[in-house]
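Only one structure is covered here, and it is reproduced in the block below.
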Amino acid sequence: MDYKDLANLIFPDIKDYTYYEEKYPERNLPEGAEVLRVAPSPTGFIHIGGLFQGLLAKKIADQTGGVFFVRIEDTDQKRKIDNGVEEILNAFEKYGLSPDETVGRGNYGPYIQSERGDIYKSYAKKLISEGKAYPCFCTPEELEESRSNQEKAKERTGYYGKWAKCRNMPIDMAIEKIKNGVPYVVRFRSPGNPERKIKHKDVIKGSIDFPENDLDIIIIKSDGLPTYHFAHAVDDHLMRTTLVTRSDEWVSSVPLHLQLFYELGFKIPKYGHTAPLMKQDGDSKRKLSKRKDPEAAVSYYTEEGIPKESVIEYMMNIINSNFEMWRKQNPDKDINEFEVDIRKMGVSGALFDMVKMHDVSKNVISRFSAEKVYEDAKAWAEVYDSELNEMLENKEYSLRILGIERGNQKPRKDIAKWSDLKDIIYYMYPEKFNKMDKNAFEYQKVTDKSEIEKIVKLYFEKYYNENDDKETWFNKMKDLAGELGYAREVKEFKANPDGYKGHVGDISTVIRVTLTGKCNTPDLYEIIRILGKEEILRRVK
RNA sequence: GGCCCCUUGGUCAAGUGGUUAAGACAUCGCCCUUUCACGGCGGAGACAUGGGUUCAAGUCCCGUAGGGGUCACCA
């Protein structure tokens, strides 16, 4: 009895690995092209970090003329949920990160790990027949016991060396146990020695030194599915990944992965480990947590109504901080024209800054056309805000509102997310204005009730004319100010503050607040035009 | 605890031995302005710490402190 017999017993009727090597040949790509992937798990929770990884991978693939694909890692059957795969794929599509290959398209599939069982078995069989892997019959209880013994003896924990009980089990005994139906897993027989150091060059982190791996990790679980480590090696080899980008929680497994690739006879890909997205928590930072932080979920941005363009734009800032400069110089260029340099990525975790996200979003939205603002806000409101949705029912009218001070050199930057919009445009809708509490209006400087009445009355009796152009309109505002003892120009007032009751700005604020209930609004002239004479007069009654 | 990594203003960050140590967000002041934004100008604010190496250290080396990651039949 030898390793071959053992391999055949464990994996009968499994194709030889050479079959897969031929089926998934090296990709025929131009020099310098990189093949990248993102490999999420369908747990029902889509982490913002997954999107971040996707953006990075797609950018590098696109700009090198390579391939970006999405592989579903669902070997943990316990955490898997029903629509998980669709949700992930939809999220990538929605954010413009459409993969070149994934479930349903591409020649290197299947792209779902649970459908690749035979492939993993084929390579596991290869390892067993070469004596590089072996069945392990240890029970969880035995492993636990071994672990506590290690702790007592102050030795490194794990399945290695003398602690690896099944590592040197005679083949005949193993065969016997299997034939008797004793449950087992398949372990990798690590040739490593931690006394030896290896030097690894990470594309993002630079040189890292670690001891060689000597852990006999499980490669095939008792349910027959591979563990992450083994699936990673087999899949990224067969899918011909050239650059493995992933979150840096994986760096500590690099020695293992390198060893696995080597022992399997695979060409080793490049690795780039990205710093995780962090969150300020009291005095310290920690990883964005899906349990504690709502903003860790992609769905949060959808619900808040932060446009997908804003999220992508913000994440580009984190990927390469010089993106910001580039954007300033090229406000209208497509994001694809920006060249990402993976080596410039930060090596330590960046705080995910919602304030900055909002700022980025304000800029992004300020570049949208009124039509685009309308469409996006409407789509959001249909799902999340029925009142806003109702307000936006009248498209033509809404478009006029959203078009105020938009499209010019210095567009307004007041909307960060669609959930802000209702408050910003509320007063423009007559039936909503009616609901506002007039007594709660804050008039800033001029607060005397009779003075306010006097200003409003005089304005509408003597000056207001709906056909005035903007210049005439504003000149009349100055006339009004003058007539009531306010300075016609702010400068005049500042030069002689005691000579006037106030200035034209104070007057126009009174009109503004009376008509809108707010002192911070866009251009008053535009507002008056849009509201129309009838509505305006109704409001001052 | 072992192993690995990291540390420049409140935050994100330029920086590859010689810089008055960029820029952005936030903050403050001024200007522009009929309000609020926008925009412009300016202010305050940083190389964790101790030793070395060097003519010269944010940058290289060592120690210390702090932070993060990882040590599963989860990925």
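Letters A, B, ... mirror the listed sequences (proteins, then strands); counts begin at 1.
As rounded to whole Å, 9 Å separates atom C1' of B/rC32 from atom NZ of A/Lys494.
Comparing atom distances between the A/Glu324 side chain and each of B/rA26, B/rA24, B/rG68 picks out B/rA24 as nearest.
For the residue pair A/Asp469 and A/Thr472, a side-chain donor N or O sits within less than 3.5 Å of a side-chain acceptor on the partner. Checking A/Tyr525 against A/Asp468 by side-chain atom types alone, no donor-acceptor pair falls below 3.5 Å. Under the 3.5 Å distance criterion, with hydrogens and angles disregarded, no donor-acceptor pair is assigned to the side chains of A/Gln150 and A/Glu155. In this structure, a donor-acceptor pair under 3.5 Å is absent between the side chains of A/Gln77 and A/Asp223. Side chain to side chain, A/Tyr314 and A/Asp359 fail the donor-acceptor criterion of an N or O pair below 3.5 Å.
Pairs of residues two or more places apart, or lying in two chains, that qualify as ring-ring contact (aromatic ring centres under 6.0 Å, His included) and include a residue from residues 197-216 of chain A are A/His200-A/Tyr271. Applying the side-chain hydrogen bond (donor to acceptor under 3.5 Å, both in side chains) test to every pair with at least one member in residues 46-57 of chain A, sequence neighbours left out, gives these pairs: A/Gln53-A/Thr274. For residues 315-328 of chain A, the pairs satisfying side-chain hydrogen bond (donor to acceptor under 3.5 Å, both in side chains) are A/Glu313-A/Arg327, A/Glu324-A/Lys356, with sequence neighbours left out.
A/Met325 comes within 4.0 angstrom of the backbone, heavy atoms only, and of no base. Among the atoms of the strands shown, none is found under 4.0 Å from any heavy atom of A/Lys197. Among the protein residues, A/Glu73 comes within range of the sugar-phosphate backbone only, with heavy atoms under 4.0 Å from sugar or phosphate atoms but none that close to a base. Among the atoms of the strands shown, base atoms are found under 4.0 Å from some heavy atom of A/Trp473. Among the protein residues, A/Val251 comes within range of no part of the nucleic acid, since none of its heavy atoms lies under 4.0 Å from any strand. Residue-level contact check: A/Lys470 touches the bases, meaning some heavy atom is under 4.0 Å from a base atom.
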Next item on the list: If a protein heavy atom is under 4.0 Å from the base, mark B; if only from the sugar-phosphate, S; if neither, -; do that for nucleotides 6-11 of chain B going 5' to 3'.
Entry: S----S

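Dashed line: the shortest gap from a side-chain N or O of A/Arg147 to OP1 or OP2 of B/rC71 is not under 4.0 Å. In this model, the phosphate group of B/rA75 is approached by a side-chain N or O of A/Thr75 to a distance below 4.0 Å at OP1 or OP2. For A/Lys362 and B/rC38, the shortest distance from a side-chain N or O to OP1 or OP2 is not below 4.0 Å.
In this pair, A/His257 and A/Trp250 present their aromatic rings tilted. The plane angle is within the 30 to 60° band.
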Checklist line | Intra- and inter-strand pairs of RNA chain B in dot-bracket (Watson-Crick or G-U wobble, both distances under 3.5 Å; | for another strand) | finding: (((((((..(((.....[....))).(((((.......)))))....(((((..]....))))))))))))....

List every contact pair, protein side and nucleotides 35-37 of chain B side both N or O, where the distance is under 3.5 Å.
{"from": "B/rU35", "atom 1": "O2'", "to": "A/Cys519", "atom 2": "O", "distance (Å)": "2.7"}
{"from": "B/rU35", "atom 1": "N1", "to": "A/Arg512", "atom 2": "NH2", "distance (Å)": "3.2"}
{"from": "B/rU35", "atom 1": "O2", "to": "A/Cys519", "atom 2": "O", "distance (Å)": "2.8"}
{"from": "B/rU35", "atom 1": "O2", "to": "A/Thr521", "atom 2": "N", "distance (Å)": "3.0"}
{"from": "B/rU35", "atom 1": "O2", "to": "A/Thr521", "atom 2": "O", "distance (Å)": "3.1"}
{"from": "B/rU35", "atom 1": "N3", "to": "A/Arg512", "atom 2": "NH1", "distance (Å)": "3.2"}
{"from": "B/rU35", "atom 1": "N3", "to": "A/Thr521", "atom 2": "O", "distance (Å)": "2.7"}
{"from": "B/rC36", "atom 1": "O2", "to": "A/Arg412", "atom 2": "NH1", "distance (Å)": "3.3"}
{"from": "B/rC36", "atom 1": "O2", "to": "A/Arg412", "atom 2": "NH2", "distance (Å)": "2.5"}
{"from": "B/rC36", "atom 1": "N3", "to": "A/Arg412", "atom 2": "NH1", "distance (Å)": "3.4"}
{"from": "B/rA37", "atom 1": "O2'", "to": "A/Lys413", "atom 2": "O", "distance (Å)": "3.3"}

Between the protein and nucleotides 40-46 of chain B, which nitrogen or oxygen pairs are less than 3.5 angstrom apart?
none

Listing time: all N or O pairs from protein to nucleotides 59-64 of chain B that are below 3.5 Å?
none

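For the side chain to side chain contact (heavy atoms under 4.5 Å, CB included) test, residues two or more places apart in sequence or in another chain that qualify with A/Leu143 are A/Cys138, A/Tyr159, A/Arg187. Here A/Asp214 pairs with A/Arg156, A/Tyr160, A/Ser190, A/Pro194 under the side chain to side chain contact (heavy atoms under 4.5 Å, CB included) rule; sequence neighbours left out. Applying the salt bridge (Lys or Arg N to Asp or Glu O under 4.0 Å) criterion to A/Arg189, with sequence neighbours excluded, gives no partner residue. Here A/Phe261 pairs with A/His232, A/Phe266 under the ring pair (Phe, Tyr, Trp, His ring centres under 6.0 Å) rule; sequence neighbours left out.
Seen from the ring of A/Phe137, A/Lys177 counts as a face-on cation partner, given the 6.0 Å and 45° thresholds. In this structure, A/Lys494 is not positioned above the aromatic face of A/Tyr500 in the sense of NZ or CZ being under 6.0 Å from the six-membered ring centre and within 45° of the axis.
Closest-nucleotide positions on RNA chain B for A/Ile208 and A/Ile218 were compared, and the one nearer the 5' end corresponds to A/Ile208.
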Notebook entry, point to check: Can you check side chain to side chain donor-acceptor pair (under 3.5 Å) on A/Thr521 and A/Arg512, steps first, answer last?
Noted result: CA-CA 8 Å; A/Thr521 76; A/Arg512 182 188 309 274; 2.7 Å; yes

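Residue A/Ser222 places a side-chain atom within donor-acceptor reach of the base of B/rC73, judged by atom type and a 3.5 Å distance cut-off alone.
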